[in-house]
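See below for the structure under consideration.
No hydrogens, no waters, no symmetry mates; every other heavy atom, side chains included, goes into these values. In listed order, ligands and their atoms are each counted from 1.
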Amino acid sequence: MSKFIVGVTGGIGSGKSTVAGLFAELGAGVVDTDAISHQLTAPGGAAIPAIREKFGEAFINEDGSLNRTALRDHVFNHPPARKQLEAIMHGRIRDTVVAALEAAAQPYVLLVVPLLIEVGSYRPLLSRVLVVDCEEDLQIKRALARRDMSLQAVHAIMAAQTDRKTRLRVADDVIENNGDLKSLESVIRTMDRQYRAMAAEAH
Ligand code: ATP
């Protein structure tokens with residue numbers, strides 16, 4: 001793809017959405033795989049018929065959306081079901097991502113992929129990889145503040161995710177999100193100028 005696309009990743013609660021939102025305020029495009037996944041499983045979503053067929057009506061809410069809690073529990077207790085769910089979701093998410101990237105008219109686009117390192121298929125689309133990193137105690141605090149989740153669940157997710165070192169190794173750019181929002185905004189203003197220059201040069 002000829003567009004300048006920056007892949008954004010980072011652990012749970014590291015600040016990926018906050019970072020993407022601040023770039024968007026400055027005029028960058030944002031495509032978010034989590035948001036796309038939610039759209040696909042909302043009422044009338046494109047993944048719902050396949051989920052209904054594979055897993056049954058018990059996993060669909062009355063309004064036609066995915067019953068996330070039921071499916072999460074099921075997948076947790078039946079490992080092969082995870083593969084089936086991934087087979088339904090991955091291709092659909094990727095197709096939607098590619099269409100959104102192609103439609104984007106901004107000078108550059110951020111593609112937010114929490115599992116960028118685990119799911120290798122996004123890498124060929126990217127001009128650069130931006131990792132949002134923060135100290136683990138802060139990450140836990142922020143993850144807990146945002147979600148209805150126990151400390152134990154946050155620890156379990158962190159243990160299952162790629163470790164910080166591996167993530168940092170693939171980064172072209174790193175945002176150290178250990179300060180307040182003001183200092184984050186200032187870092188992002190500088191990076192926005194750099195990405196605009198890189199995107200202009202790439203054309
Ligand atoms: P997840 O992986 O859970 O989707 P995320 O990486 O997208 O999370 P955010 O949702 O952006 O992370 O941030 C987690 C929480 O931390 C949010 O409540 C956000 O407002 C807060 N936060 C992020 N960065 C900062 C910061 N620099 N200062 C203060 N609060 C912050």
Side-chain angles (χ1 to χ4, degrees), residues 5-42 45 65-66 68-69 71-72 75-76 82 85-86 89-90 93-94 96-97 100-101 108-119 122-123 126 128-192 194-195:
I5 300 164
V6 181
V8 180
T9 194
I12 181 172
S14 57
K16 300 177 292 293
S17 309
T18 306
V19 163
L22 292 171
F23 273 109
E25 278 176 25
L26 300 176
V30 174
V31 177
D32 183 328
T33 52
D34 267 357
I36 288 173
S37 170
H38 273 79
Q39 283 161 19
L40 291 170
T41 52
S65 63
L66 171 67
R68 267 168 235 293
T69 317
L71 193 60
R72 203 182 295 131
V75 163
F76 188 76
R82 175 179 297 280
L85 179 62
E86 283 172 1
M89 295 303 294
H90 272 168
I93 294 175
R94 198 173 189 284
T96 313
V97 162
L101 291 173
Y108 68 97
V109 186
L110 301 183
L111 174 59
V112 185
V113 191
L115 299 179
L116 183 69
I117 289 140
E118 295 87 338
V119 183
Y122 289 103
R123 298 288 288 281
L126 307 177
R128 296 181 81 76
V129 174
L130 166 61
V131 169
V132 184
D133 185 55
C134 84
E135 299 296 339
E136 280 182 6
D137 52 348
L138 201 51
Q139 186 185 352
I140 293 166
K141 212 168 94 186
R142 287 176 181 163
L144 285 174
R146 221 201 68 159
R147 292 158 175 268
D148 180 21
M149 209 179 247
S150 67
L151 180 61
Q152 199 186 11
V154 172
H155 274 298
I157 288 176
M158 284 171 70
Q161 288 182 334
T162 299
D163 62 279
R164 268 175 95 191
K165 239 202 209 144
T166 309
R167 212 183 275 122
L168 290 169
R169 215 178 296 135
V170 305
D172 297 297
D173 308 304
V174 178
I175 290 181
E176 303 280 1
N177 187 18
N178 295 312
D180 59 10
L181 280 176
K182 260 216 147 55
S183 46
L184 183 63
E185 277 167 20
S186 135
V187 168
I188 287 173
R189 268 197 300 274
T190 305
M191 294 189 82
D192 171 67
Q194 289 168 350
Y195 286 151

### Task
Would you check whether D34 has a nitrogen or oxygen atom less than 3.5 angstrom from a nitrogen or oxygen atom of ligand 1?
no
### Query
Of all the atoms in ligand 1, which lie at a distance below 4.0 Å from a heavy atom belonging to I12?
2 (O), 3 (O)
### Query
Should C134 be listed as contacting ligand 1, given a heavy-atom distance under 4.0 Å as the test?
no
#### Entry: R94 and T33: CA distance, side-chain angles, deciding distance, side-chain hydrogen bond (donor to acceptor under 3.5 Å, both in side chains) verdict
CA-CA 8 Å; R94 198 173 189 284; T33 52; over 6 Å; no
### Query
Are V19 and I175 close enough that some pair of their side-chain heavy atoms sits under 4.5 Å apart?
yes
### Message
For ligand 1 and G13, I'd like to know whether there is a polar contact (N/O to N/O, distance under 3.5 Å).
### Response
yes
#### Entry: Sub-4.5 Å side-chain heavy-atom contact between V97 and Y122
yes
### Query
What is the closest protein heavy atom to atom 18 (O) of ligand 1, and at what distance does it sit?
R146 CG, 3.7 Å
#### Entry: Audit row: Y195, D173, side-chain contact (heavy atoms from CB on, under 4.5 Å) steps and yes/no
CA-CA 11 Å; Y195 286 151; D173 308 304; 2.7 Å; yes
### Task
Measure the distance from atom 7 (O) of ligand 1 to every protein heavy atom, then report the residue, atom name and distance (to 0.1 Å) of the closest one.
S17 OG, 2.7 Å
### Task
Please identify which atoms of ligand 1 are closer than 4.0 Å to at least one heavy atom of K16.
1 (P), 2 (O), 5 (P), 6 (O), 7 (O), 8 (O), 11 (O), 12 (O)
### Query
Does any N or O in the side chain of S14 come within less than 3.5 Å of the main-chain N or O of C134, such that one atom is a donor and the other an acceptor?
no
### Task
Keeping the roles fixed (side chain from R128, backbone from G7), state whether a donor-acceptor pair exists under 3.5 Å.
no
### Query
For ligand 1, is any non-hydrogen atom under 4.0 Å from N177's backbone (N, CA, C, O), its side chain (CB onward), both, or neither?
side chain
### Task
Verify, without hydrogens or angle tests, whether E118 (side chain) and Q161 (backbone) share a donor-acceptor contact under 3.5 angstrom.
no
### Donor-acceptor under 3.5 Å (K16 side chain, G11 main chain)
yes
### Message
Looking only at protein heavy atoms, which one is nearest to atom 20 (O) of ligand 1, and what is the separation?
### Response
T18 OG1, 4.0 Å
### Message
Taking distance alone, with N or O pairs closer than 3.5 Å, would you say G15 contacts ligand 1?
### Response
yes
### Task
Could you establish whether S14 and ligand 1 come within less than 4.0 Å of each other, counting only heavy atoms on the residue side?
yes
### Check: G179 N/O within less than 3.5 Å of ligand 1 N/O
yes
## Note on the structure
For atom 31 (C) of ligand 1, the closest protein heavy atom turns out to be R142 NE, 3.6 Å
### Query
Quick one: does S186's side chain have a donor or acceptor within less than 3.5 Å of a partner on K182's backbone?
no
